[in-house]
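Scope of the values below: all heavy atoms of this structure, side chains included, with no hydrogens, waters or symmetry mates. Read the numbers this way: they start at 1 and go in the same order the structure lists the ligands and their atoms.
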Amino acid sequence: MFRYLFLLIAFVGLEGCQETPTDADVNIDEIFSTDTVEDGQLNVEAMKVLSVNFSPDRKYFHVYVGFNHDVGPYHFTDSNDVTIKVSESVGGILQEKKTAAKLIGVKNTEGDEVAKRKVKCLALVDLTQPQDVLDKVRDAVKEIQAVFSHKNLFVSFMDGQNVSETIEVTDYVLENYFKSHPEQYCYLYRSLLLKKREMEDNLGVWADAKKMGLIVFSDEKVYGDNDEPVDPKHFELQQTLVNSDSLRDERLSVFAVSLGKMVAAADYNEAQSVLKVVCKNTGGLYQDKFGWTEMEDCLLESESMIVANEFIFENPDGKVYRGNPHRLRIEIISNEADSVIGTASTNIFLGTAYNPVIVNDPGTLWMFLQGLGLGLFFIIMVYLIFQFLIPYIKYRLFLKKYVVKYVKGDMSVGNVVVGQTCYFCKAPFMEGDDIVVKCKHVMHKSCWDENDYHCPEFGRHCQSGSHYYNYANLFDSKNASFYMKWILVSIVSAVFTWLFYLLYVTDFHQTPDTLIAQMMEPRIADIGNYAIFNNDENGINQIPEFGLFIGSFLTLALASLAVRRQQMRRRVLDILIRAVVVGVFSYMVFLLFRFIAQSFDMGTFSAIIDWIPWSMMALMVAFGSTIGTRIKLKKYVLAITLVLGIVSMYLWSFLFNDTLFLDIRVLLLVTCIFFAVGLAVSVAEMAPKSERYFLNVKGAMKEMDIALFKWFINNPDQVVTIGKSIDCSLQMSWDIKGQVAPVQAEIRQINGVMRLTAIETGIVINNKPLAVGRSAWLYHNSSFSIGDTTFTYIERDL
Ligand SMILES: [Zn+2]
Ligand SMILES: [Zn+2]
């Protein structure tokens with residue numbers, strides 16, 4: 001019988017598709033090599049994030065998700081079949097709509113590639129199958145649809161003597177056309193040849209196809225119940241199919257999927273053999289059971305392709321990335337089974353606390369204005385509080401406590417016994433006079449004010465007899481606390497630091513639309529070349545510059561108060577050198593610690609060591625701005641800088657809260673101000689505060705304090721001379737034995753600092769004689785001697 005004619009052919013070879021896609025398997029295995037344990041269950045990952053790719057303005061990002069081929073027959077876009085759930089969480093907290101990234105599109109990169117390559121596919125479906133078989137065929141077509149869109153996937157139905165037109169696979173077609181007609185036979189060979197020719201002849205939809213796949217779904221039944229061929233031209237067509245080898249169109253591959261029962265080797269099925277031959281001859285595959293992966297690999301030569309979807313996200317404007325991980329989770333849920341098909345998640349790191357990335361920054365200018373406004377606000381508040389509020393309150397307390405009405409008779413206030421006369425003007429007190437009982441030297445209030453708000457003995461003999469408050473001129477700088485100018489300059493330096501740093505890191509160039517457009521292009525070719533984490537190159541790298549700015553500006557500010565020199569030019573030079581040196585050292589320290597943090601891959605843990613460069617920088621500023629000045633640092637400055645470093649770091653992370661109304665970058669200014677003010681106050685604490693300065697004289701007479709300041713208060717240019725001459729301001733009449741010249745030395749006040757100059761030899765300072773014409777600065781506790789007399793310069797508060 002003819003049936004056995006093809007027995008021989010059947011053994012020629014069954015593998016049509018020569019290219020076994022081993023490479024692709026390796027790739028996929030690599031991608032899905034990690035199994036995860038979730039909820040106590042071991043899951044082989046169905047999906048995995050391959051890369052994340054941001055648009056330059058961070059408004060859009062693309063997440064490439066690879067899919068395991070075994071996931072199933074889904075087209076992973078939101079559809080009737082699946083729902084895509086996306087969530088973003090920061091520190092375990094789910095982000096709300098206004099901060100979370102929104103999924104705006106899903107691109108099937110494989111589908112794009114198929115379309116680009118102009119690969120088209122036709123499913124030839126035998127409608128005479130029972131409905132349950134046809135349903136399976138429909139599922140198979142749906143699976144193909146995950147890669148082939150309706151623009152390049154077609155179907156044609158065999159039914160009776162007819163074969164339908166080639167039609168696009170749409171949802172409607174899938175829903176309504178797969179209807180079983182089991183009572184019929186179909187003309188398998190005829191239909192196959194017809195469609196094959198249509199494709200080979202580039203008719204209709206096949207006109208621009210570069211590669212075509214014809215997939216036959218059939219039970220290979222070509223004989224009727226009477227054992228006669230159904231098709232009258234059966235043998236002729238069979239011959240054509242088998243012999244078409246020489247005329248083969250390289251673009252077309254035929255695939256066949258057997259829907260019939262597998263026949264035993266003895267029960268030879270002729271049509272099955274014919275199809276196997278056709279598949280082999282055209283480079284296709286014959287499958288006993290539908291397997292899209294193999295078919296796809298064969299048809300698309302897809303070892304070069306990764307099955308991936310590109311999820312496109314849009315960030316809301318104003319969204320802030322500040323270096324902490326944003327966990328993005330994509331979940332695909334089957335609607336039908338209401339079960340999770342697969343999930344993929346990734347952490348996105350962008351920006352740093354030092355330089356947060358803000359999506360479509362609502363206003364850089366506005367941010368700068370906010371910062372400058374805040375700085376100005378702090379400066380004004382500090383001035384108002386220290387210049388007016390605190391002195392006023394203290395003055396009110398002083399009035400309440402120490403200024404009383406004089407009452408005749410024995411009167412005492414606290415421990416102070418009130419005499420009958422004013423210690424200053426010696427006039428007797430009258431009933432009702434305002435008197436000051438701050439110390440035992442009770443005075444008229446008017447005399448007190450006249451005597452510069454202190455008692456005549458204020459100094460060594462009276463420690464408490466003073467309360468300065470110039471109510472006639474509230475702007476008198478002496479009203480304010482000594483700390484005010486330190487705080488003010490440190491705030492100014494913090495504002496400058498912040499301003500320079502942000503000018504330095506802010507990208508003022510707008511992103512051109514074309515760049516964004518490029519971002520939106522499919523990029524399948526680039527998959528694998530992108531790092532999973534798009535770490536911001538601007539973030540951590542700019543910390544050394546921050547160190548440079550804060551180190552130099554703060555040193556500049558503190559040194560301007562600490563350094564006193566006679567000549568303005570030298571003073572400015574001195575201050576500038578200090579600022580530059582400390583700035584450079586701060587830069588190096590931050591650089592070193594960044595290097596350490598990066599080398600040891602400390603990542604998010606770098607915050608733990610971040611305070612070290614801060615503390616070291618604080619120490620350098622304190623040291624650099626005061627060394628060689630009248631300010632002598634005390635040992636506890638080390639502890640202060642440590643505390644400041646740590647607190648600044650934690651304040652830093654504590655302050656960064658998304659709910660604040662201020663631009664997040666302005667909060668950096670708050671930290672800067674905190675740090676600068678803290679350090680300035682610590683340094684000021686160690687500085688001599690008083691404008692009251694005395695010369696303590698010890699020798700062949702009763703020890704005494706000479707109030708130097710009294711000479712200079714009214715006449716700052718005055719020269720105080722010391723010598724034996726009666727013309728000297730300070731006549732050393734007590735030193736009879738010593739070698740004292742008529743005019744030995746003079747003291748001048750220069751920028752508030754006392755400077756001792758030798759007029760004659762005989763002055764010893766620091767155990768060394770001071771040559772004639774040479775000068776020396778007098779600091780608190782500096783002492784020098786002339787003859788047998790020792791002079792000690794003393795600055796004292798109150
Ligand atoms: Zn008086
Ligand atoms: Zn007194």
- Message: Just to verify, what does Ala427 make a side-chain contact (heavy atoms from CB on, under 4.5 Å) with, not counting sequence neighbours?
- Response: Cys425, His444
- Report the protein N/O/S neighbours of the Zn ion (ligand 1) that fall below 2.8 Å; do not count waters. Cys422 SG, Cys425 SG, His444 ND1, Cys447 SG
- Would you please indicate if the ring centroids of Phe500 and Phe553 are separated by under 6.0 Å? yes
- Query: Parallel, tilted or perpendicular: which describes the rings of Trp486 and Phe482, with under 30° parallel and over 60° perpendicular?
  - Reply: tilted
- Could you go step by step and tell me if Asn470 and Lys478 meet the side-chain contact (heavy atoms from CB on, under 4.5 Å) rule? CA-CA 8 Å; Asn470 184 354; Lys478 280 188 273 178; over 6 Å; no
- Using only N, O or S atoms, tell me which atom of His441 is closest to the Zn ion (ligand 2). ND1
- Message: Using the Zn ion (ligand 2) as the vertex, how large is the angle between SG of Cys439 and SG of Cys455, rounded to 10 degrees?
- Response: 110°
- Query: Less than 6.0 Å separating the ring centroids of Phe546 and Trp614?
  - Reply: yes
- Item | Tyr383-Phe388 aromatic ring centre distance below 6.0 Å | yes
- Task: Indicate whether any N or O donor in one side chain lies under 3.5 Å from an N or O acceptor in the other, for Ser625 and Thr555.
- Result: no
